[in-house]
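Okay, so here's the structure we're looking at.
Throughout, residue positions are numbered sequentially from 1 according to the sequence presented. Counting starts at 1 for both ligands and their atoms, following the listed order.
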Amino acid sequence: MPPRTSFSDTSFSDTSAFTERAADLDTQDPLAPLREEFLLPAEVRSYLDGNSLGRPTRAAAERLGSFAVDEWGARLIRGWDESWFELPLRLGDRIAALTLGAAPGQTFVGDSTTVILYKLIRAALTAQPDRDEIILDAGNFPTDRYVLEGIARDHGMTLRWIQPDPVDGVGLDDVEALLGERTALVVLSHVEYRSGHLADLPGITAAAHRHGALVLWDLCHSVGSVEIALDTCGVDLAVGCTYKYLNAGPGAPAFGYVAHRHQESLQQPVQGWMGAADPFAMGPAYQPHPGIRRFISGTPPVTGMIAMESMLDLIEKAGMPAIRQKSEALTGFATELVDVLLLPEGVRYSSPRDPAHRGSHITVDHEDFGSVLPQLWKQGVIPDFRPPHGLRLGLSPLSTSFTEVLLGVETIRRVLLDVRDAR
Ligand SMILES: Cc1ncc(COP(=O)(O)O)c(C=O)c1O
Ligand SMILES: Nc1c(O)cccc1C(=O)C[C@H](N)C(=O)O
């Protein structure tokens, strides 16, 4: 029998239909073999949190061990000359080529997302002393908002807040309504961390430029799951974390992107020795390195970068178009399941219904989800929770199967009913 195109004709009692459909989707998935490249511990029955922390690849686990023994252990300080010094820019260029649509020499790896946000925002403002307004949105991730609040406080900037639709996020009109000749910078997330809404990056970037403003995009929830074209769209600045869909491991350093046309004119505020023109000259005064390296500050976190190379290999093998296609299929399947299994139990959507308008996660709401989550984790089903009542299903395209999604949503339904019955 051909796989069903939807569950609209299926009652929950026919769970075999769901199981059969999930199995068919996994069989037909051209990227399914790549899932075996990840560590898949049996007790994790359904991992739905790759947009917080991606699974490790098997190769990363092995690579971390050999790095400790063969490089750190055997080469010691010689490792810096042999490979580590170039790592931030070599990995930056790889991330750029594979996931950002960016030419070489514009992307570096190092620091946390928060610290790079601070450095690039400060650099953008210093370059525009005659502009004193920043556009941001109340739905952005807290670290973005907190960094901007601190900079506004310390440097006399006015924050122009967008109050976005909780599901449909920041729209072009929202930004255009606040743009003006005093706008220095627009700071937004490409994919919204709670709803998963996918912003109109090209349109908003062009609108900001029409008013002479710069744009900084936070790519944490899009890099590695959504196709991005920073150079083509004329993006000025971008930042993204590597521990979500780039599977670089907890606390792995972020990347920063600075378009070539800005590099000479931007001065980043944490001018450390590793961003100097000749770090080991240890000269009397700071002279910035002529290229993207000037945005590095101190010693880059080499150990934290080791794991990401093997994930970049998998992304290179799969290609971002196929990865995005799998992502849309996974979130599309998840919404089909939510429609049949969860909406009847009072669960509500907090994400756009159209896969083209969202990243690789969806959020559903119910007042009991705060109590449901711990039970799910105990049963090896691992989404995460975002206030006030949101269960977030993060579907990493290369490491998530359709069967895993079905198991997850079915378990969410069962635990939700158990929690309700226990009252
Ligand atoms: C949009 C966004 N920005 C930034 C961060 C995190 O910043 P950091 O890596 O500095 O904790 C996250 C979550 O990890 C995020 O979702
Ligand atoms: N980034 C995180 C972290 O470093 C530790 C624990 C959790 C997280 C997160 O999931 C935050 C993430 N950016 C979010 O979208 O909520």
Quiz item: Under 3.5 Å, is there a donor-acceptor pair between the Glu192 and Ser195 side chains?
Solution: yes

Practice problem: Please verify whether a non-hydrogen atom of Glu192 lies at under 4.0 Å from ligand 1. | Solution: no

Quiz prompt | Face-on cation placement of Arg294 at Tyr286 ring, 6.0 Å and 45° thresholds | solution = no

Quiz item: Can Arg353 and Asp339 be counted as an ion pair, charged N to O under 4.0 angstrom?
Solution: yes

Quiz item: Which residue holds the protein heavy atom closest to atom 3 (C) of ligand 2, what is that atom called, and what is the gap in Å?
Solution: Tyr243 OH, 4.6 Å

Quiz item: Do you know which two heavy atoms are closest between Ser351 and His361, and how far apart they sit?
Solution: OG-O, 4.4 Å

Self-check item: atom 6 (C) of ligand 2 within contact range, any protein heavy atom under 4.0 Å
Solution: no

Quiz item: Does Arg45 reach the main-chain N or O of Gln379 with its side chain, forming a donor-acceptor pair under 3.5 Å?
Solution: yes

Quiz item: In terms of atom number and element, which parts of ligand 2 are under 4.0 angstrom from non-hydrogen atoms of Tyr193?
Solution: 15 (O), 16 (O)

Practice problem: Report the C-alpha separation of Asn140 and Ser189 in whole Å, then their side-chain angles, then the decisive distance to 0.1 Å, and conclude whether the side-chain hydrogen bond (donor to acceptor under 3.5 Å, both in side chains) test is met. | Solution: CA-CA 6 Å; Asn140 205 346; Ser189 272; 2.7 Å; yes

Quiz prompt | Arg386 to ligand 2, any heavy atom closer than 4.0 Å | solution = yes

Quiz item: Please walk me through it: do Asp231 and Tyr257 pass side-chain hydrogen bond (donor to acceptor under 3.5 Å, both in side chains)?
Solution: CA-CA 10 Å; Asp231 287 354; Tyr257 163 91; 2.6 Å; yes

Quiz item: Counting heavy atoms only, which of Tyr243, Phe141, Tyr193 comes nearest to atom 8 (P) of ligand 1?
Solution: Tyr243

Exercise. I would like to know whether Trp273 and Ser297 meet side-chain hydrogen bond (donor to acceptor under 3.5 Å, both in side chains); could you show each step before the answer?
Key: CA-CA 6 Å; Trp273 74 303; Ser297 297; over 6 Å; no

Practice problem: For ligand 2, find out whether one of its N or O atoms is nearer than 3.5 Å to an N or O atom of Asn51. | Solution: no

Quiz item: Should you measure from each heavy atom of Thr114, which atoms of ligand 1 turn up under 4.0 Å away?
Solution: 7 (O), 8 (P), 10 (O)

Quiz item: Which residue and non-hydrogen atom of the protein lie closest to atom 13 (C) of ligand 1, and at what distance in Å?
Solution: Lys244 NZ, 3.3 Å

Self-check item: Numbering as shown, the atoms of ligand 2 that approach His221 to under 4.0 Å (heavy-atom distance)
Solution: 13 (N), 14 (C), 15 (O)

Quiz item: What do we get for Arg392 next to ligand 2 when only non-hydrogen atoms under 4.0 Å count, side chain, backbone, both or neither?
Solution: side chain

Self-check item: ring-ring contact (aromatic ring centres under 6.0 Å, His included) between His190 and His221, intermediate numbers included
Solution: CA-CA 7 Å; His190 188 198; His221 285 276; over 10 Å; no

Quiz prompt | Atom indices of ligand 1, in the order listed, that fall short of 4.0 Å to a heavy atom of Ser189 | solution = 1 (C)

Quiz item: Under 4.0 Å from any heavy atom of Ser112, which atoms of ligand 1 are there?
Solution: 10 (O)

Exercise. Considering only non-hydrogen protein atoms, determine which one is nearest to atom 10 (O) of ligand 2 and report residue, atom name and distance to 0.1 Å.
Key: Ser52 OG, 2.5 Å

Exercise. Have a look at ligand 1 and work out which part of Thr143, if any, has a heavy atom under 4.0 Å from it: side chain, backbone, both or neither.
Key: side chain

Quiz prompt | Under 4.0 Å to a heavy atom of Asp144 - the qualifying atoms of ligand 1, by number | solution = 2 (C), 3 (N), 4 (C)

Quiz item: Hey, is the main chain of Ala184 close enough, under 3.5 Å, to the side chain of Gln128 for a donor-acceptor pair?
Solution: yes

Quiz item: Out of Asp111, Val147, Thr113, Val191, whose heavy atom sits nearest atom 7 (O) of ligand 1?
Solution: Thr113

Quiz item: Under 4.0 Å from ligand 1, counting heavy atoms only, is it the side chain of Asp218, its backbone, both or neither?
Solution: side chain

Quiz prompt | ligand 2 versus Lys244: contacting region, heavy-atom distance under 4.0 Å | solution = side chain

Exercise. Please tell me if the side chains of Val223 and Leu246 come closer than 4.5 Å, counting only heavy atoms from C-beta onward.
Key: yes

Quiz item: salt bridge (charged side-chain N to carboxylate O under 4.0 Å, His left out) between Arg63 and Glu71: does it pass, once the steps are laid out?
Solution: CA-CA 11 Å; Arg63 179 78 181 83; Glu71 289 189 50; 2.7 Å; yes

Self-check item: Which of the ligand 1 atoms, numbered from 1, are nearer than 4.0 Å to a heavy atom of His221
Solution: 16 (O)

